[in-house]
Amino acid sequence: MSQFSAEDEAELQALLRRLLRSVQDRISGAPSVECAEEILLHLEETDKNFHNYEFVKYLRQYVESSLGAVIDEETESCARGDGHAIGSGQDTLVHAVTRRTRESDQYKTMMQTLKNTMMVVVESLINKFEEDQLKKEELHRRSQREQSSSHYTDNCSDSDSSFNQSYAFIKHEQLQLIAEKLDPSRPKEVRWEALQSLCCAPPSDVLSCESWSSLRKNLSAALADPDPNLSDKVLRFFAKTFSSSPLSITREIYTSLAKSLESDFLLKKISFPAGFAGIDVNTQEITSFLKQMRLMNDFQKEVTSFWIRHPEKYMEEIIESTLSLLSLHSEHSLGTSGSEKSLEPVHLIAMLDIKATWFKKWMHGYYSRTVVLRLLEMKYKSLIVSALQQCIYYFESCDRAQEEMSDITHMMEHQQIGVAKRMLYTAKELEYMYFVHSLCVLGRLLMYTKGRRLFPIRVKKRRDPVTLTDLIGILIRTLYLHPKLPYSDVSHADSLSPTSLVMEVLRTLCDRTECAVECLYQTSVIETLLSPIVALLKGKQARFKSPEITLTHIADILARIATTERGLSLFLYYRNCISAEGESISAAHVIVQFTQKLLAKELVALTESDTYPTVSGAFIFVCRQMYNTCEGLQELQPYGLHKCIAKAWKKTSSLSERVPTPVPGASPGSSSQELQSIQIWEEALLDNLLNFAATPKGLLLLQQTGAINECVNYMFTRFTKKLQVSRCEKFGYGVMVTQVAATAPGVAALHSSGFVQAIVVELWSALECGREDVRVVHPKSTPMDPIDRSCQKSFLALVNLLSSSPAVWELLGHQILPNKAEYPLREMPTSITDLMDRLIIINSDAKIHSLFNYEQSHTFGLRLLSVVCCNLDSLLLLESQYKICEMLLQSQKDNITDPLTGEGDFIIDGLSVERNHVLVRISTVGGPSERRLPPRGLQKGNDPYPWPMFSSYPLPQHYILDAPKTSYVKLAGQRQRSPSPSLPRGRCVNESELSNFLASSWKDVEKERDWMDSCRRQYCKEMTTRSNIVTGNVLADLLEKTVLHLCSSPSTCFFPSTEYKAADSGVKTHSLSPVEQLGIQMSVRYGKYLQLLKGDSEQDLCLLMKHCKEFLSLQQTKITSQLCSLQEAFPGYDWLASTMFLVMSGDKDRALAFLLRFSRLLTSAFLWPPRLHRSVYLPLQIAQSGIHPIYSCTAHYVEMLLKAEAPLVFSAFRMSGFTPSQICQQWLGQCFWNYLDWPEICHYIATCVVMGPDYQVYTCIAVLKHLQQDILQHTQLQDLQVFLKEEPVQGFRVSNYLEYMEGLEQRYRTVVLTDMRKITLDIT
């Protein structure tokens, strides 16, 4: 079969045609001819049906008949070994036969014949295709002539079938002929045929031809032709180009379409009546415009996804042609008077894309936004002027036609254009659509810096240019004029209503800091927002139709402003509002006064409304953004808002109890709906009350309302559901839980709510149980860290919970450990006592065997114990109740190589190392340079743990650092003549100016009124030059004489004098609690280490403690409370008394005399925690609260000043879920013992006594500022709580920060000291 007959050629042609039809989808989807060729060449690899095609079968049969004999002959030849041998490493038999066959003459003849035959077949197919195409065009022309004009349909849709028509190749001569046929002078039939041919041509060929300019002109003319068939055909060609061509081609088509529309608008100048007649979109002229604008708008919204991949000039051409079109006739606003109004391109695009989606997409990316803003600024600012003019016109006119607006907005919400849909639009509706489009454009512009730079803008009929704040004011006042909706649900509003649109813009601006600063955080804007509120407070009628909706939206914007630092500051400190009494007050005061009126239902215009809770709740939420900050609460506290909310909650709670229970079978009436609304309002009030607990003083206010238990219960329900605190909060309830846990009533409420139990159960599940859904085939990996990552969250939650000594006293005070003989494996601990028993005090085999992960669990318990015992009061409580030192020593004794004889070496493992660290920590006292703590890890080398372990006291000397070379006792004795190494030669310690000042005649100095001023100056000078002088006897003299001078003046005495004449013999019989006895032993050890005390000092310190206890009991009132800390004497140890005992070098009488006089000063209320425990000088409610002024006052101002002075530190605390008040309460409660060296502790006390009690706040700020880098680092490591509690304050010296603290005094003393003086007054 070497030659093909005519029948063979016909058969081949049919088979090839069938093959091409089978792969038509693949070929037509190819972007180019080259790609189509690649698809055909690799068809065998990609098509699983390749060998089933008849054409392939035919070719296989032809090859077999032509080469079969040759292949058989070559196969036999290779098998016989003729010619070259085929061995290992050479071609296989198949390859050899194939090579020889292709080299044969028969193969060459076959290929030549096949090639010639296929060329004839393909050429015949092409000719046949061209004939079929011409016939098809002729038939199509005939059908088009017979077809009548149809109704308006959307032929510009991207889904039209014309988009997917196949292209035929076309020559430049043909395109030139088409351009000539499209000339407007030609008959319509000729032009239509030319357009039909043009639609079949590739757009790239059309745009690259030499006659494109004339073709473009003729296409524009066809678009404007009255015959819809011509214009529709042009749009079909444009639509096909948009959907299948690159931007280099489509931008030409787009700009051509834009210029054509622009010339049509300039030429025709369409207008419409100003009345209700409006425009009919079904007219031929408007229909044509709408189709063209619709096609442009669709392209505008899609082009942003790919124009970044092309040169910027393409994008710029598209943008400029669009802005040029939309700027057309912008000087003739719709708001002009007259019976006729001009129709502009922007009206049409507003009808099609009312919310300006195209503009939002163009402004989204920086690539296109830059070009848009540049062109608007330089060439097309009139477009923005027109949009602004329309917003102003709408605002000025909507007040005159408010009743029409709700109908218009509702119709716009459901508008449709097309067959059997709306055809007529009135002038009012066009105006409103233009307003919506303009508002969306302006709102998007305001989001960007360069967009805001377009302002101020000069518009018609306004003398001054419109600034940013002017525009925002217009929008807000537009919000006020929104008509009352005919719906019962106040929250309902159409998305195209002016309220929704304006709120969308304002919310967007609030969420962007720069936008809010320039647009909203302005005095005039705040005044506009508050104007209706001020009017209502003055008893006037506000100018809005729907007060509930409007006030709710005002509250929403105010709340968003108040959540930012800049906005909150504007509310609190800028007194730019006029109150009802006519005085200038800040916005915060206006808002809280209005909120009080709402809660008291004193506003007649709103009390009768069913939406009263909605409006009230919205404004309480605004206040909440202020009172959950320290500075905000400072301003709002005088109004007693917590009492107003609590009163409303109690009333609502009583109402919910009165709602009758639904009867089974009865139809659900209004009672169930009423109950549901009451419950929602009750929860909202509880939620707002709870947020007072965000600050220390706010927590005291919450406790005073009596609703703290209910609020904590509510918080627990939301916490367990992992719900957000509010829409404005970035973090969860972690910080609030920590704040609540810092006080006795707070932790009691947490315990009763089930919160503590939930934490314990969650910990036990992670520590001992593991995840239930983990399959056995994937066992849990052995943890490498002492505390596994799965337990880290529970560990930090327990640290936060047990951080303060009041919490430890409430949860563990007088609690006995179970110490069971057997612990079932399924029994889970549910309390802190159970956790102590199972994880920390493991003193029996039963406890060890009850743990699945003994080492990991016990390590967790020891780590927790280490952190809790950093609070010395907590340590003393645990040691007095559970003998933890004895338990740890026994465990170490059991961990030796020969535990039976008690001899041998300690076994070094994770638990023994951890126990050794805890033992050293709780057995030593001292600052960073006064004690040495062993590490918790092993070292590399031959000796992995060189630190000595011990199982009995005394402590190895290795952990006790040598006393300072310049011993404190040397300075504490009588005046020494030995020169100090830090002084210049020839000068002695006693020659300091402060010493001379204190040694001067008291009578002479008493005559001078400025003794304290002189003393402070000398103290500051000495501290900044030679702070090491202010210690020992100099320090004692300074404290004594300062207190004596202050007590001699009635103006500086804060508490009345209390006569105390108890003798030593009278108080010797009094008993001290185990906590106090352990504290005395600890203090004496520390004093002996400092060489300040002698061997018999313990008895003297016991007497001093008994005297202080007796003296303070005379000023305490009886309180009946369920709180453990209020049922007896001060729950803790008197660290200030011990400190003064050491300062006075063990002189009991001198220390007692100092404390008795010191008790009359305000400073004693903050430096001496037992001073105000159940004190008669405190209001009874505050004394019963169990919240000490150190927390509610000092710690409150620490947080307030820290936010201003060290914002990064404040933010770090927030992120970690810990609070500055927690750690400061601990530092101050134990006089910085274990955190500062002894000289710095003395300087802290002296600074507060000499300089004033507010220096306690400034000292805490200085310490936290000193630790800033460490705090930021450990926040990232997620162990800030552990670091602050376990690590001493390295490198801090009071003298280095005294100047900084003086600066804080100048800025904040007026506020801080004034509030400190109010501790004896009712908090409200």
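Any value given below was found using the heavy atoms of this structure, including those in side chains, with hydrogens, waters and symmetry copies removed.
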Any donor-acceptor pair under 3.5 Å linking the side chain of N1234 with the backbone of G926? yes

Under 3.5 Å, is there a donor-acceptor pair linking the side chains of T1194 and Q1256? yes

Would a 4.5 Å heavy-atom cut-off, applied to side chains only, mark C869 and I884 as touching? yes

OG1 of T1259 to CG of L1228: how many Å apart, nearest 0.5 Å? 8.5 Å

Is a donor from one side chain sitting under 3.5 angstrom from an acceptor on the other, for S1221 and E1199? yes

Got a sec: does the NE2 of H858 have more than 12 other heavy atoms crowding it under 6.0 Å? yes

Checking Y1086 against E930: is there a side-chain donor and acceptor pair closer than 3.5 Å? yes

Does this structure show an ion pair linking E768 with R838, if we count only N-O contacts that are shorter than 4.0 Å? no

Tell me the closest heavy-atom pair linking L1264 and C1224, and the distance in Å. CD1-SG, 4.2 Å

Measure from the ring center of F950 to the ring center of F906 and say whether it is less than 6.0 Å. no

Residue pairs involving residues 788-843 (criterion ring-ring contact (aromatic ring centres under 6.0 Å, His included); sequence neighbours excluded): F795-F860

Are any side-chain N or O atoms of H1274 and backbone N or O atoms of F1283, one a donor and one an acceptor, separated by less than 3.5 Å? no

For D943, does the CG atom have more than 12 heavy-atom neighbours from other residues, nucleotides or ligands under 6.0 Å away? yes

Quick check on Q1268: does its CD atom have over 12 non-hydrogen neighbours (other residues, nucleotides or ligands) under 6.0 Å away? yes

For a side-chain hydrogen bond (donor to acceptor under 3.5 Å, both in side chains) check, start with the C-alpha distance between Y1235 and Q1226, then their side-chain angles and the critical distance, and finish with the verdict. CA-CA 10 Å; Y1235 290 99; Q1226 177 177 331; 2.6 Å; yes

Between I1271 and L1284, is any pair of side-chain heavy atoms under 4.5 Å apart? yes

Between D894 and Q890, do the side chains contain a donor N or O and an acceptor N or O under 3.5 Å apart? yes

Show your working on side chain to side chain contact (heavy atoms under 4.5 Å, CB included) between L798 and I759 and close with a plain yes or no. CA-CA 7 Å; L798 283 171; I759 291 180; 3.8 Å; yes

So does W1135 get a backbone contact from the side chain of S1138, meaning a donor-acceptor N/O pair under 3.5 Å? no

Is there a donor-acceptor contact under 3.5 Å from the side chain of D837 to the main chain of L817? no

For Q1290, does the CD atom have more than 12 heavy-atom neighbours from other residues, nucleotides or ligands under 6.0 Å away? yes

Aromatic plane relationship, Y1244 with F1232 - under 30° parallel, 30 to 60° tilted, over 60° perpendicular: perpendicular

Count the heavy atoms belonging to other residues, nucleotides or ligands that lie under 6.0 Å from CG of L1277, then report whether that count exceeds 12. yes

Would you call D905 and I896 a side-chain contact if the rule is heavy atoms closer than 4.5 Å? no

Report yes if some heavy atom in the side chain of K820 is under 4.5 Å from a heavy atom in the side chain of S844; otherwise report no. no

Test: K1265 and E1205 ion pair at under 4.0 Å: no

Approximate separation, where rounding is to 0.5 Å, of H1243 NE2 and S1295 OG: 7.0 Å

Do the ring planes of Y1297 and H1266 sit parallel (below 30°), tilted (30 to 60°) or perpendicular (above 60°)? perpendicular

Please say which of L839, I787, N853 ends up in a side chain to side chain contact (heavy atoms under 4.5 Å, CB included) with L767. L839

Separation of E879 CD from Q1081 CD (nearest 0.5 Å): 9.5 Å

When you measure from the side chain of E810 to the backbone of S1125, do you find a donor-acceptor pair of N or O atoms at a distance under 3.5 Å? yes

Looking at R936 and E1286, is any side-chain nitrogen of the basic one under 4.0 Å from a carboxylate oxygen of the acidic one? yes

For the atom pair CD1 (I1245) and OG1 (T1139), what is the distance rounded to the nearest 0.5 Å? 4.5 Å

Rounded distance [0.5 Å steps], OG in S874 versus NZ in K1285: 7.0 Å

From CE (M1140) to SG (C1242), nearest 0.5 Å: 8.5 Å

Side chain to side chain, Y882 and M887, heavy atoms closer than 4.5 Å: no

Around Q1278, counting heavy atoms of other residues, nucleotides and ligands shown, do more than 12 lie under 6.0 Å from its CD? no

Should the heavy atoms of other residues, nucleotides or ligands under 6.0 Å from OH of Y959 be counted, would the total exceed 12? yes

Between N800 and Q1281, do the side chains contain an N or O donor and an N or O acceptor separated by less than 3.5 Å? yes

